[in-house]
Student: 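What follows is a single structure, and I will ask about it in a moment.
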2 protein chains.
Amino acid sequence: METRELRYFVAVAEELHFGRAAQRLGIAQPPLSRAIGGLERRLGTLLLERGSRGVALTEAGAVLLREARAALDAVEAAERRTRRAALAATGRPAVVLAAKAGASGELLAKLLDAYAAEPGAVAVAVDVVLCGPGEQTRLLHDGRADVALLHRPFDDTAGFDTEDLHREGQVAILPAGHPLSARPHVRLAEVTDLPDLPLPRWPRPDGTFPDGPGPQVRDHTQLTQLIALGRACAVVPESGRTGLREDLTAVPVSDAPTSPRSSPGPHTAAQQRSRGWSAPPLPCRRPPPKYGRGRRSH
Amino acid sequence: METRELRYFVAVAEELHFGRAAQRLGIAQPPLSRAIGGLERRLGTLLLERGSRGVALTEAGAVLLREARAALDAVEAAERRTRRAALAATGRPAVVLAAKAGASGELLAKLLDAYAAEPGAVAVAVDVVLCGPGEQTRLLHDGRADVALLHRPFDDTAGFDTEDLHREGQVAILPAGHPLSARPHVRLAEVTDLPDLPLPRWPRPDGTFPDGPGPQVRDHTQLTQLIALGRACAVVPESGRTGLREDLTAVPVSDAPTSPRSSPGPHTAAQQRSRGWSAPPLPCRRPPPKYGRGRRSH
DNA sequence: TGGAGCGATACCCGGGCGGTATCGCCGTCC
DNA sequence: GGACGGCGATACCGCCCGGGTATCGCTCCA
């Protein structure tokens, strides 16, 4: 299978319409039909159900869509990482770290300081990419980033080589005047079902939102603003209280599970071990005890 | 980048010889030279250092080799899994489970029994693929398997979505007559540096062996035979003592870290969640308490 | 210094990919 | 119910690109 065919198929599977998919791909519709037809013939199965009105994915088509996306990400990552390796050979080598904008600011700063102080790290710059929530995994998969700061259990670390950097309690973020905001601490159950302050809904990776009573939010700014307006509350890692607006209050959640951050690298350990650069791929290889919780065993 | 180019590059990078690589690919040498040249031009970097005698990888070339292998695996996996999904739609759906031959026999049997008893599992067969040590990850990456039984810390689970199924102590396998074999238990340090019974060396993923005093082994049979011959000893999970030859003795290792098994699926959680089949992708979804240690949270 | 080995280049050919034109099918709307 | 419009498939054509052969240029040895 050629990547061209995979790209074509993904376009049709996403548009569910040959004409629009062809337009998106910048080609005419007939070659697209032929390409999909050829793919189906070689795989020996129907990928798309052609109804009189539009197109639908078959079972096999749904599988191919998921797998093709992963494969295309891998190809894209290959290209990007090779390009960066080429830059690193002639210019300054760099590691790209993805972090959610607005979160983990303090940790990030200390992490970068600690890495700059590392022996052997002098030659490697750490480029920080700030992105929206949940985007980190995408960046890792398609090669735009090499490592990322994730927050369990909010972010999904499955499929990555991870290392716990820091474990912290959680706090509830409430409007300044709220009755609970005067309390020294609250229990999780007390804030998860406040009828007047529902928990917000974050977008899924595909951009849609789960059902529920809470408002839809896409980033940290929207979140804080909604809480300040008295329309929502939130439970976030302790570090989220730094740099809080003055009209918001953070109250420790006594019974919330501690939330370790993770710093995952590319998706196989072999990549980690054999990265061709002259400096360690993970920032904070021997991290200060304050943040590090030891290396993996392998 | 097209997969054809990646295949060509991997061939040359592995052979380090255009002529042989072309032969392996079944094409003539000039098109190969042109393809690699085009790749280098588009990436804007040299991938191969052409010396007067043979070829060498550049820094960027080494990165691309690693990334290209991963990408080609992903493409191959896409094809295989789509083909299997097509089969599943018309015939009997199946999950392919990879397990190391000779190990975890008992767990495997009980796992299959437990899965067969699951509601909803009746429609899905579990195909078991037995493979050599360390091959499981390869099978998962290129789509020949969906889940595998791995043994930490021996196998590397980085990059997979894993779930601990069982945690067990470790035993030292010794020749029957050895002085230590009469002991009720031994400490790890006592068996790791026996001068007469060195620990064997297992192959790395690339097939080469690490340096060391121990004999090279490739499978369980070789291992037991070497121990029986008094040329080596080994530390393996407890379950390794079942079905032991009579001329070998297993002695519990009192201070060895416990070794949980893991059952990883394809390399992203999204794949797990959205698999197009009608039955759960993981065997033993609600595993009997004896073996299961709970589900992941997400 | 000539020959062997190896990769690059020159040049040619054919298949495949992409283009336009058109068909077949179906749903819809006077 | 027939005309129309939307959509995917098919027919056919031209051209580019991928693959082939022949040959060159370079280097290392004998």
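When reading the values below, keep in mind they use all heavy atoms of this one structure, side chains included, and skip hydrogens, waters and symmetry mates. First the proteins, then the strands, lettered A, B, ... as listed; each starts at 1.
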Student: Which residues pass the side-chain hydrogen bond (donor to acceptor under 3.5 Å, both in side chains) test with R138(A), sequence neighbours left out?
Tutor: D73(A)
Student: Just N and O in the side chain of H17(B): are any of them under 4.0 Å from OP1 or OP2 of dG5(C)?
Tutor: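 No, no such contact exists.
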Student: Taking R80(A) for the side chain and D142(A) for the main chain, is one N or O donor matched with an acceptor at less than 3.5 Å?
Tutor: yes
Student: Whole angstrom is fine here: how far is it from CG in L39(A) over to C1' in dC17(C)?
Tutor: 15 Å
Student: Run the side-chain hydrogen bond (donor to acceptor under 3.5 Å, both in side chains) test against R50(A) and tell me which residues pass, sequence neighbours left out.
Tutor: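 Testing R50(A) for side-chain hydrogen bond (donor to acceptor under 3.5 Å, both in side chains), a comparison that skips the adjacent residues, returns E40(A).
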Student: I'd like to check the side-chain hydrogen bond (donor to acceptor under 3.5 Å, both in side chains) partners of E2(A); sequence neighbours left out, ordered by chain and number.
Tutor: T3(B), R7(B)
Student: Over how many whole Å does the gap from L25(A) atom CG to dG8(D) atom P extend?
Tutor: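 Going from CG in L25(A) over to P in dG8(D) covers 13 Å.
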Student: CZ of R41(B) versus C1' of dA8(C): gap in Å, rounded?
Tutor: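 Value for this atom pair: 14 Å.
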Student: Specify the separation, in whole Å, of atom CG of L46(B) and atom C1' of dA8(C).
Tutor: 14 Å
Student: Could you list the residues that satisfy side chain to side chain contact (heavy atoms under 4.5 Å, CB included) with T58(A), not counting sequence neighbours?
Tutor: L46(A), E49(A), A60(A)
Student: Could you give the CG-to-P distance, from L32(A) to dG16(C), as a whole number of Å?
Tutor: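 Spelled out: CG on L32(A) to P on dG16(C) is 19 Å.
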Student: Pair up each side-chain donor or acceptor in residues 28-35 of chain B with any protein partner under 3.5 Å, not counting sequence neighbours, and list the distances.
Tutor:
{"residue": "Q29(B)", "atom": "NE2", "partner": "S33(B)", "partner atom": "OG", "Å": "3.0"}

Student: Check the interface with nucleotides 20-23 of chain D: list each N/O to N/O pair with the protein under 3.5 Å, or write none.
Tutor:
{"residue": "dG20(D)", "atom": "OP2", "partner": "A28(B)", "partner atom": "N", "Å": "2.7"}

Student: Go through the structure and list residues passing side-chain hydrogen bond (donor to acceptor under 3.5 Å, both in side chains) with R42(B), not counting sequence neighbours.
Tutor: E5(B)
Student: Is R50(A) near enough to dA9(D) that one of its side-chain N or O atoms lies under 4.0 angstrom from OP1 or OP2?
Tutor: yes
Student: What is the distance, rounded to the nearest whole Å, between atom CD of E49(B) and atom P of dG7(C)?
Tutor: 14 Å
Student: Starting at atom CG of L47(A), determine the distance to atom P of dA9(D), rounded to an integer number of angstrom.
Tutor: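 Going from L47(A) (CG) to dA9(D) (P), I get 12 Å.
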Student: Which residues in residues 4-16 of chain B have a heavy atom closer than 4.0 Å to any atom of DNA chain D?
Tutor: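 Contacts with DNA chain D under 4.0 Å: R4(B), Y8(B).
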Student: With sequence neighbours excluded, what pairs up with R24(B) under the salt bridge (Lys or Arg N to Asp or Glu O under 4.0 Å) test?
Tutor: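 Result, salt bridge (Lys or Arg N to Asp or Glu O under 4.0 Å) vs R24(B): E14(B), E15(B).
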Student: Round to a whole Å and report the spacing from CG of L48(A) to C1' of dA9(D).
Tutor: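 About 14 Å, once rounded to whole Å.
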Student: Is the backbone N or O of A85(A) less than 3.5 Å from a side-chain atom of E59(B), with the two atoms forming a donor-acceptor pair by type?
Tutor: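 Not at all, since once roles are kept as given, no pair shorter than 3.5 Å links the two residues.
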Student: At under 4.0 Å, does any side-chain N or O of S33(B) touch on OP1 or OP2 of dA8(C)?
Tutor: yes
